Amino acid sequence: MTKGCSFLAVMLVMVLVCNQMGASEAVTCNPSQLSPCLGALRSGSAPSQDCCARLKGQQSCLCGYMKDPNMKQYVNSPNARKVVGQCGVSVPNC
C-alpha cells in the first residue's frame with residue numbers, strides 16, 4: 001500500500017470515528033428520564049443527585065417540555081423552577 005493510500009485510509013477511519021462520537025453524544029428527549037425528579041417536583045423538596053444529573057442531561061429538551069401540553073404543568077411549576085435552580089440548570093427562554 002502506498003503512503004498516499006495509507007494516509008487516505010487513516011483519514012477515513014478518523015472521520016468515521018468522529019461521526020460515531022458525535023452521534024453518541026446526541027440527547028434523546030425522553031421525559032421518563034426525569035422520573036427521579038418527580039418527588040422534588042411535586043413537593044418542592046431538595047432534588048437528588050440523580051435527579052440533577054438527569055436534568056442536566058435533558059436540559060436541551062426543556063423548551064420542548066415547556067410547550068408540551070402534557071408536560072408543561074410540571075416544567076412550568078414553581079417547584080420545577082426551584083428544582084432547576086437547585087440543580088444549577090438555567091431556565092431557557094423559549
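This one's a predicted model, so the numbers in the text were calculated from it and none came from an experiment. Note: hydrogens, waters and symmetry copies are ignored here, and every other heavy atom, side chains too, is used. Sequential numbering from 1 along the given sequence is applied to the chain's residues.
The SG atoms of C87 and C51 do not lie less than 2.5 Å from each other.
Between the Q58 side chain and the N30 main chain, a donor and an acceptor come within less than 3.5 Å of each other. Distance alone, capped at 3.5 Å, is enough to place a donor-acceptor pair between the K82 side chain and the G44 backbone.
S60 OG to L62 CG: the interatomic distance, rounded to the nearest 0.5 Å, is 8.0 Å. The SG atom of C29 lies 10.5 Å from the CE atom of M71; values are rounded to the nearest 0.5 Å. In this structure, the separation between CG on N76 and NZ on K67 is 11.5 Å, given to the nearest 0.5 Å. Remark: Q73 CD to L41 CG distance equals 11.0 Å, nearest 0.5 Å. Atom OG in S32 sits 8.5 Å away from atom CZ in R54 (nearest 0.5 Å).
Residues S77 and N79 bring no donor and acceptor atom of their side chains to less than 3.5 Å of each other. Judged purely by distance below 3.5 Å, without hydrogens or angles, the side chains of Q33 and T28 never pair a donor atom with an acceptor atom.
Under the 4.5 Å side-chain criterion, counting only non-hydrogen atoms from C-beta, C52 is not in contact with Q86. A 4.5 Å side-chain heavy-atom check between C37 and P47 finds every atom pair outside the cut-off.
A salt bridge is absent between D68 and K72: the closest approach of a Lys/Arg side-chain nitrogen to an acidic carboxylate oxygen does not fall below 4.0 angstrom.
Nearest approach of S45 to V83, heavy atoms of both residues: O-CG2, 4.4 Å.
The hydrophobic clustering, which links ILVMFWY residues whose side-chain heavy atoms are closer than 4.5 Å, places Y74 and L55 apart.
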